[in-house]
Structures are given as structure tokens and as C-alpha cells.
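Reviewing the structure listed below.
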Amino acid sequence: MLLNKLLVASSPDGVRLAARIVEVEAYRGSDDAGSHAYRGMTPRTEVMFGPPGHLYVYFTYGMHWCANVVAAPGRAGDAAAVLLRAAAPVDGIELMRERRVKARRDRDLLAGPARLCQAFGITGVDNGSDLGRGPLRIVDDGVAPPPTPATSTRIGLAAGRGDDHPWRFFVPGDPNLSR
DNA sequence: GGTGTGATCGTA
DNA sequence: ACGATCACACCA
């Protein structure tokens with residue numbers, strides 16, 4: 001359960017960035033038509049088939065990066081990942097504002113998978129990085145997950161492409177959720 | 001608050 | 001040809 005865990009990054013200039021994860025989506029593999037891994041492993045999705053706890057980063061719409069945490073698949077040889085969709089700023093808000101000039105208010109800094117990557121400086125060079133060892137980490141600082149996480153269908157999927165699975169999970173009422 | 005549209009390019 | 005999106009314009 002990633003909800004309410006802390007995403008932490010130390011930028012090159014030593015600034016600590018931290019944000020509390022408030023919205024995620026689960027993606028599976030061969031049984032999930034909405035997943036990049038649906039049609040098996042490709043160069044792009046290789047990391048998704050690898051060890052859990054690593055970062056799967058992909059490029060989409062010709063301009064955006066999005067980041068997933070690789071998870072343990074239901075069956076060996078299959079794939080699973082959790083897309084980081086939104087987070088609440090905790091530390092390093094100044095740097096986040098510099099990287100997200102278009103954000104009108106602070107709750108827009110991390111409210112969306114590509115926005116989150118922009119604020120944290122996550123790009124393709126981070127693909128495959130180990131979240132337990134690298135400059136990007138996910139930390140449990142003792143804040144419990146919401147007792148009853150809210151759920152919905154996943155966002156941005158075409159009809160019939162797994163869009164009916166209720167695999168979006170979020171902290172109910174959090175102001176930093178994606179649109 | 002909501003809806004609609006263009007941007008921009010790697011992937012299959 | 002299309003996408004696990006965003007920003008902006010416009011309407012309410």
C-alpha cells in the first residue's frame with residue numbers, strides 16, 4: 001500500500017524533496033488490457049517485468065514522463081506496477097514551484113502523474129532505478145494509509161481497454177488529487 | 001465547477 | 001495511429 005507513504009528525492013544541489021503519495025493506480029500484465037505490459041515484454045516495458053521496488057518510467061503524448069513502482073506480479077513471469085498519480089508537497093516546495101512554473105497554486109504542483117515527475121525531476125534516466133537505494137526513495141515515516149481508501153476506475157484509458165476496473169486508489173478528500 | 005482542443009513524438 | 005497527459009480557452 002503506497003498511499004500516505006513518502007516519496008523522497010535529493011536533488012543534485014542537495015535540496016530535499018518530499019511528498020506524501022495520495023493517489024495511485026494499479027496496473028497488471030497479461031490480463032490487463034490497460035497495461036503497457038498487456039502484450040508482453042518489450043524494450044520499453046522491460047523494467048515492469050523486473051524486480052519489485054524499482055521505478056518504471058515511461059514517456060507519453062510526446063512530452064510527458066510518468067513514474068510507476070514495480071510490484072510483484074500475480075504469476076511468475078508476468079508484470080505489475082503502480083502508477084504514482086498525485087502527492088501532497090511536504091519538503092522542497094520552493095524547488096517544486098521553480099520546476100512547475102505553470103502551476104497556479106501549490107495543490108497543482110503534484111496533482112497528476114506527469115506533474116509529479118516534473119516537480120521531482122523524474123525522467124527516463126531514472127527508469128529502472130532501485131527505490132530502496134537510489135536518490136529517489138519511498139519511505140514509510142509512520143503515517144498510516146487511509147483506513148478506507150477511495151477507489152474509482154482508472155483515468156485516461158480508452159473504452160474496453162480495462163477502463164472498467166476500479167484500480168485507482170486515493171486519499172478521500174485530499175486537495176492534491178488529480179483532476 | 002465543467003467541457004473541448006492542440007501540442008508533440010516514441011511505440012508497436 | 002494512438003497514447004496510464006497537460007495547459008489553456010471558454011462557459012457556467
I'd like to know if A/Arg20 and A/Asp141 make a salt bridge, using a cut-off of under 4.0 Å between side-chain N and carboxylate O. yes
May I ask you to decide whether A/Asp31 forms a salt bridge with A/Arg28, counting only side-chain N to carboxylate O separations under 4.0 Å? yes
Figure out the OH/P separation between A/Tyr61 and C/dC6, and round it to whole Å. 10 Å
Nt span of DNA chain B in reach of chain A heavy atoms at under 4.0 Å, 5' end first, is B/dG1 to B/dA12
Whole-Å distance between C/dT5 C1' and A/Arg115 CZ? 9 Å
Report yes or no: is the ring centroid of A/Tyr27 under 5.5 Å from the six-membered base ring centroid of C/dA4, with the two planes under 30 degrees? yes
Could you grab the distance from atom CG of A/Leu136 to atom OG of A/Ser10, nearest 0.5 Å is fine? 8.0 Å
Please check the phosphate of C/dC2 (OP1 and OP2 only) for any side-chain N or O of A/Arg161 closer than 4.0 Å. no
Any carboxylate oxygen within less than 4.0 angstrom of a Lys/Arg side-chain nitrogen, looking at A/Asp106 and A/Arg97? yes
In whole Å, I'd like the distance from the CG atom of A/Leu83 to the P atom of C/dG3. 16 Å
With distance as the sole test, does A/His54 use its side chain to make a donor-acceptor pair with the main-chain N or O of A/Gly128 at under 3.5 Å? yes
Tell me, which stems hold DNA chain C, with a stem being 3 or more Watson-Crick or G-U pairs in a row and both distances under 3.5 Å? B:1-7 with C:5-11, B:9-11 with C:1-3
Any donor-acceptor pair under 3.5 Å from A/Arg85 side chain to A/Glu25 backbone: no
Cationic N near anionic O, under 4.0 Å, A/Arg154 to A/Asp32: yes
Protein-nucleotide distance (A/Arg105, atom CZ; C/dA7, atom C1'), rounded to Å: 12 Å
Which part of the nucleic acid does A/Gly112 contact within heavy-atom distance under 4.0 Å: base, sugar-phosphate only, or nothing? sugar-phosphate
Counting distance only, does the side-chain N/O of A/Asp163 pair as donor-acceptor with the main-chain N or O of A/Gly160 below 3.5 Å? yes
Below the 4.0 Å mark, does C/dA4 have OP1 or OP2 next to a side-chain nitrogen or oxygen of A/His36? yes
Within the side chain of A/Arg100, is there an N or O that forms a donor-acceptor pair under 3.5 Å with the backbone of A/Leu109? yes
Reckon A/Arg100 has a side-chain N or O less than 4.0 Å from the OP1 or OP2 of C/dC6? no
NA contact type, A/Ser178, heavy-atom cut-off 4.0 Å: base, sugar-phosphate, or nothing? nothing
Flag, side chain of A/Arg39 to backbone of A/His36, donor-acceptor distance under 3.5 Å: no
Quick one: A/Lys102 NZ to C/dA9 C1', roughly how many Å, whole number? 14 Å
Candidates C/dT5, C/dC8, C/dA4 - which lies nearest the side chain of A/Leu157: C/dA4
Given atom NE2 of A/His64 and atom P of C/dA7, what is their separation to the nearest angstrom? 7 Å
Distance, rounded to the nearest Å, where A/Asn68 contributes CG and C/dT5 contributes C1': 14 Å
Starting from P on C/dT5, measure out to CZ on A/Arg154 and report it in whole angstrom. 11 Å
